[in-house]
Amino acid sequence: MADPALCAAVVKANGYGLGAVPVARALAAGGCRMFFVATLDEGIGLRQAIGEGSEIAVLNGPFARTAAEFLAHGLIPVLNHPGQIEEWTGQGTGHPAILHVDTGMARLGLTAREFAALIDNPPPPIPWRAVISHLACADDPGHPLNESQRARFTAAAARLPGIAASLSASSGIFLGPAYRFDLVRAGAALYGVNPVPGRPNPLRQIVRLTAKILQIREIDSGESVGYGAAHVMAGPGLVATVAVGYADGWLRSLSRRGCGYVGGVRVPLLGRVSMDLATFDVSAVDPAQARPGATVELLGPHYGVDDAAADAGTIGYEILTALGARHHRVYHEPATTNPPE
Ligand SMILES: *Cc1c(COP(=O)(O)O)cnc(C)c1O
């Protein structure tokens with residue numbers, strides 16, 4: 001989609017919860033040569049894991065007296081405000097950095113006035129690796145801010161001729177070629193989150209989450225299940241208690257709304273999600289499949305990251321980045337191989 005722009009991979013927040021190191025190693029093996037993380041610590045960890053072959057940029061940029069750490073680990077800071085530019089040039093000139101200009105997000109990046117001052121009164125020369133900005137409404141193609149941000153960014157980039165320009169993250173890539181410039185910064189789309197909400201997901205689901213059934217219980221009509229007695233059985237049924245809870249990122253807001261799948265059969269989540277456990281109605285499942293030790297599929301082809309997000313009242317990004325440290329992460333070779341059942 002990004003072609004002919006270069007595609008950098010955003011692997012902040014531990015690779016959106018999936019594991020920054022294995023994700024980045026796989027992407028590097030697939031030809032990715034530029035990574036973005038959020039923090040200096042993430043950058044140092046990634047550099048140690050993937051070696052020298054790729055560029056690593058740090059979106060949050062340097063705090064005071066951290067520029068030397070960036071240099072020591074070969075990290076490229078994104079400079080978001082004049083203080084960061086000062087911190088960087090204080091380490092001497094000749095060290096590449098990325099300039100962030102704000103075009104309407106009002107979060108990070110030089111304001112229009114700060115950018116004009118930079119052009120009129122340049123600091124000691126910085127070899128700019130790129131000039132970037134970030135779209136506020138890229139997931140809503142009809143939003144007028146997209147076009148105005150694109151126009152402001154085009155004007156800003158024109159003041160820095162010959163420097164790679166980068167405006168779009170995942171959703172921006174899908175706004176069309178005019179939004180792709182020289183470099184795109186794909187995060188969520190790499191992990192299967194739908195970059196075009198409300199339309200069919202053009203990307204494959206790559207994350208599958210399963211959890212084990214600990215216990216099956218027969219419950220009579222009128223009995224309640226779980227904390228707060230939040231679910232009362234309308235009829236007799238079978239309830240599976242599953243080893244996943246909000247401490248694992250199976251969000252408490254999925255209480256009474258989420259679901260899982262056992263043997264391809266939908267099993268509704270009953271009552272409240274607790275810290276380490278959740279309960280599912282497995283009355284409709286073949287008892288040979290719903291037994292202690294069997295697995296419930298929580299994310300997968302039937303119920304994807306964006307489906308869970310809709311039920312939890314959030315976005316796919318939060319479902320992924322919430323995935324907890326207790327999950328055992330297993331990585332499969334790309335494309336042709338299917339995960340074992
Ligand atoms: C997180 C982030 C990205 C990646 O965004 P996705 O929507 O996940 O593709 C790109 N650029 C910046 C500045 C970001 O903060």
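Order of appearance sets the numbers: ligands from 1, and atoms from 1 within every ligand.
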Worksheet item: Any idea which atoms of ligand 1 are less than 4.0 Å away from a heavy-atom of R107?
Response: 15 (O)

Worksheet item: What atoms of ligand 1 come closer than 4.0 angstrom to any heavy atom of Y317?
Response: 6 (P), 7 (O), 8 (O)

Worksheet item: So with a 6.0 Å cut-off around CZ of R217, is the heavy-atom count from everything else above 12?
Response: no

Worksheet entry | OH/Y331: more than 12 non-hydrogen atoms of other groups inside 6.0 Å | yes

Worksheet item: CD/E218 to CE/M233 distance, rounded to the nearest 0.5 angstrom?
Response: 10.5 Å

Discussion item. Can you tell me how far apart CG (L6) and CZ (F181) are? Round to the nearest 0.5 Å.
Written reply: 15.0 Å

Worksheet item: Within the structure, does G187 bring an N/O atom to less than 3.5 angstrom of an N/O atom in ligand 1?
Response: yes

Item to complete: Would you check whether A188 has a nitrogen or oxygen atom less than 3.5 angstrom from a nitrogen or oxygen atom of ligand 1?
Response: yes

Which protein heavy atom lies closest to [atom], and at what distance to 0.1 Å?
{"atom": "atom 11 (N) of ligand 1", "value": "R185 NE, 2.9 Å"}
{"atom": "atom 5 (O) of ligand 1", "value": "A169 CB, 3.3 Å"}
{"atom": "atom 1 (C) of ligand 1", "value": "K12 NZ, 1.4 Å"}
{"atom": "atom 9 (O) of ligand 1", "value": "S170 OG, 2.5 Å"}
{"atom": "atom 8 (O) of ligand 1", "value": "Y16 OH, 2.5 Å"}

Worksheet, complete the sentence: Closest non-hydrogen contact found for G61 with P77 is CA-CB, 4.4 Å

Response to the item:
What one should report as the nearest heavy-atom pair of P195 and S171 is O-OG, 2.8 Å

Discussion item. If only side-chain N and O atoms count, and only distance matters, is there a donor-acceptor pair under 3.5 Å linking T39 with D41?
Written reply: no

Test of understanding: given a 4.0 Å heavy-atom threshold, classify the contact between [X] and ligand 1 as side chain, backbone, both, or neither.
{"X": "M105", "value": "neither"}
{"X": "L59", "value": "side chain"}
{"X": "F36", "value": "neither"}

Item to complete: Could you check whether the rings of Y303 and Y261 sit parallel, tilted or perpendicular, using 30° and 60° as the cut-offs?
Response: tilted

